[in-house]
Amino acid sequence: RKEVEQDPGPFNVPEGATVAFNCTYSNSASQSFFWYRQDCRKEPKLLMSVYSSGNEDGRFTAQLNRASQYISLLIRDSKLSDSATYLCVVGYNFNKFYFGSGTKLNVKP
Amino acid sequence: SAVISQKPSRDICQRGTSLTIQCQVDSQVTMMFWYRQQPGQSLTLIATANQGSEATYESGFVIDKFPISRPNLTFSTLTVSNLSPEDSSIYLCSASDRGIDSPLHFGNGTRLTVT
């Protein structure tokens with residue numbers, strides 16, 4: 001079983017739509033959680049950290065559910081520029097980060 | 001957050017040769033990692049680069065094939081040895097300021113093509 005699992009998509013949505021991604025992780029001792037964005041042929045860039053209480057940054061909201069071992073990312077009012085692959089990242093064992101396979105988002109006009 | 005410079009950004013190498021990738025961070029960091037990303041796939045951790053000691057390799061990766069150096073808290077190299085076409089991939093250096101409680105930052109990657 002993979003450490004971190006994501007639906008690969010693609011999610012094809014119109015501009016202005018709200019879209020949500022989930023990511024599940026297998027290790028209950030996981031300590032930190034992040035969402036990254038990766039554009040084609042570029043390195044991943046941090047989108048936001050995910051905190052136990054949930055957190056919001058503009059149009060983006062991240063939540064953590066430790067009981068069910070998943071994290072989510074909600075994007076409101078999608079923009080064309082949101083088109084990318086979104087990677088879920090989980091840190092545990094004090095020094096390891098594991099990446100999900102990514103969820104591809106296509107926002108269309 | 002740390003700024004990471006990685007070079008070369010791309011290279012085309014013949015099979016049987018080796019490529020060494022350099023990673024320089026603009027500040028001292030606790031952890032440095034090397035990842036591989038094959039076309040259309042997510043990132044796979046190759047190893048954790050440990051300052052002043054041997055790297056810690058993930059299952060499926062060995063030191064003979066992927067020797068790593070980390071002489072100080074700001075610099076690391078990854079060598080991909082005895083290249084074969086299957087090594088064609090993007091190799092990414094990353095660093096974390098304060099361990100797993102702080103996010104990873106990435107260099108811009110090295111795109112390797114083996115002919």
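The chains referred to below are lettered A, B, ... by the order of the sequence lines, with proteins before strands, and numbering in each begins at 1. Values below: all heavy atoms of this structure, side chains included; hydrogens, waters and symmetry mates excluded.
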Open item on the list: In this structure, would A:Leu87 and A:Tyr25 fall into the same cluster of hydrophobic residues linked by side-chain contacts under 4.5 Å?
Closed with: no
Open item on the list: Surrounding CD of A:Gln63 (heavy atoms of other residues, nucleotides or ligands, distance under 6.0 Å), is the total greater than 12?
Closed with: no
Open item on the list: Using the rule that Ile, Leu, Val, Met, Phe, Trp and Tyr join whenever any side-chain heavy atoms are under 4.5 Å apart, tell me whether B:Ile4 and B:Leu92 fall into a single cluster.
Closed with: no
Task: A:Leu64 with A:Val4, same ILVMFWY side-chain cluster at under 4.5 Å - done: yes
Task: Main-chain N/O of A:Gly102 paired to B:Ser42 side chain as donor or acceptor, under 3.5 Å - done: no
Task: Any residue meeting ring-ring contact (aromatic ring centres under 6.0 Å, His included) with B:Phe66, in chain and number order, not counting sequence neighbours - done: B:Phe61
- [ ] Name the region of B:Leu43, side chain, backbone, both or neither, that has any atom closer than 4.5 Å to a heavy atom of chain A.
- [x] both
Open item on the list: Using 0.5 Å steps for rounding, measure from the CZ atom of B:Phe106 to the OH atom of A:Tyr36.
Closed with: 5.5 Å
Open item on the list: Within residues 13-34 of chain B, which residues come under 4.5 Å of chain A, heavy atom to heavy atom?
Closed with: B:Met31, B:Phe33
Task: Contact class of B:Ser96 relative to chain A, heavy atoms under 4.5 angstrom - done: side chain
Open item on the list: Does any backbone or side-chain atom of A:Phe97 lie under 4.5 Å from a heavy atom of chain B? Answer side chain, backbone, both or neither.
Closed with: both
Task: A:Leu47-B:Leu104 co-clustered via ILVMFWY side chain contacts under 4.5 Å - done: no
TODO: Would you mind checking which part of B:Gln37 comes under 4.5 Å of any heavy atom in chain A, side chain (CB onward), backbone (N, CA, C, O), both or neither?
DONE: side chain
Open item on the list: If you count every heavy atom of other residues, nucleotides or ligands that lies below 6.0 Å from B:Lys7 atom NZ, does the total exceed 12?
Closed with: no
Open item on the list: Can you confirm whether the side chains of B:Tyr35 and A:Glu43 place a donor and an acceptor under 3.5 Å from each other?
Closed with: no
TODO: Output all residues satisfying ring-ring contact (aromatic ring centres under 6.0 Å, His included) with B:Tyr57, sequence neighbours left out; order by chain, then residue number.
DONE: none
Open item on the list: When you group the ILVMFWY residues by side-chain heavy-atom contacts below 4.5 Å and let the links chain together, are A:Val89 and A:Ile75 in the same group?
Closed with: no
Open item on the list: According to side chain to side chain donor-acceptor pair (under 3.5 Å), does anything in residues 80-92 of chain A pair up with another residue at least two apart or in another chain? List the pairs.
Closed with: A:Glu3-A:Tyr92, A:Arg59-A:Asp82
Open item on the list: Can you tell me which portion of A:Gln6 sits under 4.5 Å from chain B's heavy atoms? Options are side chain, backbone, both or neither.
Closed with: neither
Open item on the list: If I take atom CG from residue B:Asn108 and atom CZ from residue A:Arg41, how far apart are they, to the nearest 0.5 angstrom?
Closed with: 13.0 Å
Open item on the list: Nearest 0.5 angstrom please: B:Thr56 OG1 to A:Lys96 NZ, how far?
Closed with: 6.5 Å
